[in-house]
Structures are given as C-alpha cells and as structure tokens.
Protein chains: 2
Amino acid sequence: MDPESDQDVCTKWSTTLRVYHDTSSELEHELQSRHGLGLSEFEVLQILAGRCRVESGHKVKMKDLEAEMYLSQSALSRTVTRLEKSGLVGRAACDFDRRANFLMLTPEGRERWEAARPTHRAVLERHLA
Amino acid sequence: MDPESDQDVCTKWSTTLRVYHDTSSELEHELQSRHGLGLSEFEVLQILAGRCRVESGHKVKMKDLEAEMYLSQSALSRTVTRLEKSGLVGRAACDFDRRANFLMLTPEGRERWEAARPTHRAVLERHLA
DNA sequence: TCAAATTACATGCTCGTGCATTGGATGTCA
DNA sequence: TGACATCCAATGCACGAGCATGTAATTTGA
C-alpha cells in the first residue's frame, strides 16, 4: 500500500506485460507461419505429448486438459475440434462416463508437435534467456 | 540450447503465463464490473492521465499512444472511439497535420480513471506483491 | 511543380475467446 | 426408484483483436 510497493508492482506488471506480449505474439506468428498452428493449439499438443505415455492408455480427459490451460471450457472445446478436423488429435468416448471425452495425439499430431517444438523453444530462448 | 537453460526458459515462461493470465483476467473482471471499463480502455485513460499535463496543451497524439500500448493501430482506434462515445475522451484535430488526432481526457474521463485506479492497484498488489 | 511514396487514422472482414445456455449422462437422497 | 442437483462437453451469441484495405493529408524527389 505504501508508495514503494506501488512502484514495485507497477514495474513488475509492466515488465510482465512486455515479456508476455512480445513473446506470445512472436510465438503466434512463428508457429502459424512455419507450422500452421495457433499458440493454443500448440499448447494442447504439447500437453498431450507430455502426458500420452503408457499410463491411462495414452489418453487425456478434456477436464484434465482444461485444468492445465489458461483457456475457458468453450474455447478449449473449439480448439480441440480444430485439431481434430486437422487430424492431429483424436477423440474417444469414455467407457465409464459417457459425458467425458478422452483425447490422444495421432501420429501426425506427434509429428507436427515435434516439428514445431524447436520453433517454440527458439522463441522462448530469444525472449527469456 | 543446453537442457538447463531449456528448463529455465520453460519455467520462466510458465510463470509469466500464470501471472499474466491470472492478473489480467481479474483486472478485466474487476474493472468491468465495478467501473464499466475494459482493461484496454483503462490503460488508455491511464496513459492520457499521466501525460495530459501542461506540456503539449494536455493533448496526446494517437501515434504516441500507440507506441506505449500493446495494441494494434486498428484496435487502438476502436478503443478510443468507444471511450469517445462514452464521453471519457475527446478528439481534437491537429492544426499542423490534419491527418493526426489529438486526444485528451474529459473531466468525466479523469473522474472515471481516478475512481478505477484503486481497483486496478489492488489487483496488482494482490497478484504481484 | 507535380506524381509517387509515405503517413495517420478509420473500416470491412475474419477469427479466437468468454459467457450463458443446452443436451445428455451421472450422482444423490428420500 | 424417482425427482432433483450436478457434471461434461457443445453451441449460440457478442465482443475485442489483428490484417488488409481505403481515404485523406503530407512528404519526397526528379
């Protein structure tokens, strides 16, 4: 509440704004132009790639995905729909709970993610290293 | 490029994402519900309030504003139009260059900004202190 | 001096996002 | 078991954002 901490938080916030906008807009452009992926789409692939190991049969529930992303339920639903239409992600019904969806990377989805990963990492290095 | 710095930038980025999303979405909600202002609108008022002192006759050029904001030219144009329609900002022609616009806070604009400022500051304190 | 390039701002268009709602499935409890 | 609450995901809707373009004013340079 004192002037000093005010100055602190303002500086911190403007730094955060700058880093966030610079980095995310370059991520968006690079991923889109080089790999045809939006940032949200890449992030979904990234999470699926990291979690689709042996456990749970290579599948991830929408709700689990939602919990790890800064995206509303509806936005995530549409993002996954776009990825599904592009053939990068597959949906599968859940036997135990037919309300829920399971998601998994397709082979093509894994390829695209692996192709895009260096681009993603390079942008982060450039802005955050 | 080494694994360590990769880990560093990834951690840094996910921290930035979390702080940015948490803070900006709460800013957006609080400013909208309490003061009827979008975050971009508040930021425009903030810059105008800070710059509309004696120098340059209390006016700011669109281009100068644009340089200080993370907003495209078109988005800024529309944001200012919204603020103008709400009576919070005034546009004035520039005598020297009739392409350019000058902007200034209206008295009501300054009131709204001063009313919203504590809300804005409180959210920053809460997330960044 | 005047045509071409540049600049400032507005606007048409499309897209991704959030909110509210819906539809269907599951859980709860009397 | 049946009625009601809760939960998951999809969808209608509105809105803010960026890109491309348009319009008008200014600058440039041959």
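Sequence lines set the chain letters: A, B, ... in the order given, protein chains first and strands last, and positions in each chain run from 1.
Of all the heavy atoms in A/Met104 and A/Ala92, the pair that sits closest is CE-CB, 4.1 Å.
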Quick one, B/Val80 with B/Met62, criterion side-chain contact (heavy atoms from CB on, under 4.5 Å). Give me CA distance, side-chain angles, the key distance, then yes/no.
CA-CA 9 Å; B/Val80 168; B/Met62 283 285 276; 3.9 Å; yes
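One atom, NZ of B/Lys63, and another, P of C/dT6, lie 15 Å apart when rounded to the nearest Å. C/dA8 atom P lies 15 Å from atom CZ of B/Arg91, rounded to whole Å. When rounded to the nearest whole Å, the span between CZ of B/Phe102 and P of D/dA25 equals 17 Å. The interatomic distance linking B/Glu84 (CD) with C/dC9 (P) rounds to 13 Å, in whole Å. One atom, CG of A/Leu103, and another, P of D/dA9, lie 8 Å apart when rounded to the nearest Å. For the pair A/Arg98 CZ and C/dG27 P, the interatomic distance rounds to 11 Å; values are reported in whole Å. The separation between B/Glu66 atom CD and C/dA10 atom C1' is 13 Å, rounded to whole Å. Whole-Å rounding puts the A/Lys85 NZ to D/dA10 C1' distance at 12 Å.
Residue A/Phe42 holds its CZ atom at 14.5 Å from OG1 of A/Thr79, rounded to the nearest 0.5 Å.
Using cut-offs of 30° and 60° on the angle between ring planes, the pair B/Tyr20 and A/Tyr20 is parallel.
Tested against A/Trp13 for a side chain to side chain contact (heavy atoms under 4.5 Å, CB included), the candidates A/Thr15, A/Val9, A/Thr11, A/Leu17 yield a single pass: A/Leu17.
Between A/Met62 and B/Asp97, the residue anchored nearer the 5' end of DNA chain D, judged by the nucleotide with its closest heavy atom, is A/Met62. Along DNA chain C, the nucleotide nearest to A/Phe96 and the one nearest to B/Ala100 differ in position, and the one closer to the 5' end is contacted by B/Ala100.
Counting only distance, with no hydrogens or angles, the side chain of B/Glu30 and the backbone of B/Thr119 share no donor-acceptor pair below 3.5 Å.
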A correct 5'-to-3' footprint of nucleotides 13-23 of chain C, with B, S and - meaning base, sugar-phosphate only and no protein heavy atom under 4.0 Å, is B---BBB----
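Minimum atom distance to the side chain of B/Asn101 is reached by C/dC9, of the listed D/dA25, C/dC9, D/dA9.
Checking the phosphate oxygens (OP1, OP2) of D/dA9, no side-chain nitrogen or oxygen of A/Ser77 falls inside 4.0 Å.
Under a 4.0 Å N-O distance rule, the pair A/Glu114/A/Arg117 does not qualify as a salt bridge.
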